[in-house]
Amino acid sequence: MAFPIHRLRRMRFSENLRRMVRETHLSIDDLIYPMFVVPGEKIKQPITSMPDNFHFSIDFLLKELQEVRDLGIPGILLFGLPEKKDQFGSEAYDSGGIIQRAVRAIKEQFQDLLVITDICMCEYTSHGHCGIIKNGCVDNDHTLDFLSQIAVSHVEAGADMVAPSDMMDGRIAAIRSALDAKGLTHIPIMSYAAKYASSFYGPFREAAESSPQFGDRRSYQMDAANAQEAIRECAFDLEEGADILMVKPALSYLDIIYRVKSKFQMPVAAYNVSGEYSMLKAAAKNGWVDGTKTMMEMLTSIKRAGADIILTYFAKEAAQALGVK
Ligand code: PBG
């Protein structure tokens with residue numbers, strides 16, 4: 001016997017009561033802020049496809065990080081744009097590369113900020129693919145050596161965690177053993193485990209100048225229609241040594257976040273990607289939705305689906321909305 005004995009609306013009338021029975025709490029602790037670093041000095045260049053996000057030179061990045069840290073955001077994910085791209089993405093694993101220099105500078109000033117680096121080749125290769133090309137195709141096993149070198153060079157520069165986003169098979173095992181061989185056994189790997197071939201990366205590719213110059217990424221990133229395959233990707237990555245499993249994108253993949261969390265009970269990260277960000281920004285700018293409220297609803301839904309960690313370009317805005325700690 002439900003109604004009229006039970007009335008679910010009783011619990012909804014007062015804000016204080018709503019606060020008490022709320023099931024999901026978004027926190028500043030959950031947020032990772034992805035940022036873009038470029039060569040040069042005194043650069044804070046707006047990224048047109050991603051309002052309120054910028055290309056920073058290292059000096060200006062450090063200034064921005066003061067603000068990020070003061071907001072209580074625990075970690076950042078760094079992407080770099082190299083001076084020069086080539087076929088083998090040489091700057092990606094150069095100890096004098098943009099990320100390596102940026103990480104060293106950050107760590108000198110902000111020891112307590114978690115610095116995570118994205119491990120991939122697409123920003124660094126002239127062809128824009130996430131690996132080494134052989135016979136017109138991304139060569140999986142050859143790429144593993146390069147990814148391992150990138151990871152080691154980032155960690156040697158001071159990165160606290162690495163996040164491989166390339167989607168080659170076997171990269172977690174390769175990176176883990178390369179780090180371990182250098183005595184870097186304490187460095188965790190956040191694997192972009194279930195990363196889909198998604199149109200929602202559009203604004204990022206403009207920001208990172210990483211669009212593939214031929215073909216697309218469907219031979220390595222996952223098909224949007226698949227869910228069971230995401231479980232297999234995660235299972236292999238865990239076996240290979242992943243510490244955190246990431247699902248990407250987030251909003252069209254909330255079911256995947258839920259499945260991965262339920263299945264593995266491991267720390268799960270979700271990447272609220274550029275397209276998800278920019279769509280909301282555009283709608284809010286037009287006055288079609290309330291930007292702040294819609295942002296909080298989106299981020300809460302990602303948490304409710306099972307994510308422990310949310311990578312989002314909204315990190316600063318969300319931290320402001322959640323209140324300074
Ligand atoms: C690199 C990488 C991409 C993103 C994160 N790392 C782009 C891609 O795979 O094409 C996308 C992030 C975003 O859209 O916010 N492989």
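Owing to the predicted nature of the structure, the values given are computational and were not obtained by experimental measurement. As the structure lists them, so they are numbered: ligands from 1, and atoms in each ligand from 1. Only this structure's heavy atoms are used, side chains among them; waters, hydrogens and symmetry mates stay out.
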### Message
Heavy-atom pairs closer than 4.0 Å: do any link ligand 1 to the side chain of S165, the backbone, both, or neither?
### Response
both
### Task
Report yes if some N/O of Q221 lies less than 3.5 Å from some N/O of ligand 1; otherwise report no.
yes
### Task
Assess the side chains of R205 and S49: does a donor N or O sit below 3.5 Å from an acceptor N or O?
no
### Proximity to ligand 1 by part of D166, non-hydrogen separation under 4.0 Å
neither
### Query
Does C120 have a heavy atom less than 4.0 Å from any atom of ligand 1?
yes
## Note on the structure
Only one of I189, I150, T117 passes side-chain contact (heavy atoms from CB on, under 4.5 Å) with P164, and that residue is I189
### Task
With the side chain counted from C-beta on, respond yes when K248 and Y201 share a heavy-atom pair under 4.5 Å apart, and no when they do not.
yes
## Note on the structure
Nearest non-hydrogen protein atom to atom 14 (O) of ligand 1, with distance, is S274 OG, 2.7 Å
### Task
Enumerate the atoms of ligand 1 whose separation from the nearest heavy atom of Y313 is less than 4.0 angstrom.
12 (C), 13 (C), 15 (O)
### Location of contacts on Y271 toward ligand 1, heavy atoms closer than 4.0 Å
side chain
### Message
Applying salt bridge (charged side-chain N to carboxylate O under 4.0 Å, His left out), can you list everything that pairs with D59, at least two apart in sequence or on another chain?
### Response
none
### Query
Got an N/O contact under 3.5 Å between R217 and ligand 1?
yes
### Query
Between F204 and F36, does the ring centre distance come in under 6.0 Å?
yes
### Subset of ligand 1 atoms that lie under 4.0 Å from at least one heavy atom of K195
1 (C), 2 (C), 3 (C), 6 (N), 8 (C), 9 (O), 16 (N)
### Task
Answer yes or no: is there a side-chain heavy-atom contact under 4.5 Å between K195 and S165?
yes
### Message
One residue to check: C122. Relative to ligand 1, which of side chain, backbone, both or neither has a non-hydrogen atom less than 4.0 Å away?
### Response
side chain
### Task
Verify the distance criterion only: is there a donor paired with an acceptor across the side chains of E206 and T48 at less than 3.5 Å?
yes
## Note on the structure
Taking only non-hydrogen atoms of K248 and a 4.0 Å limit, the atoms of ligand 1 in range are 2 (C), 3 (C), 4 (C), 5 (C), 6 (N), 11 (C), 12 (C)
### Query
Do D160 and K107 come within less than 4.5 Å of each other through their side chains, counting heavy atoms only?
yes
### Closest candidate by heavy atom, reference atom 13 (C) of ligand 1, pool F79, F200, F204, Y196
F204
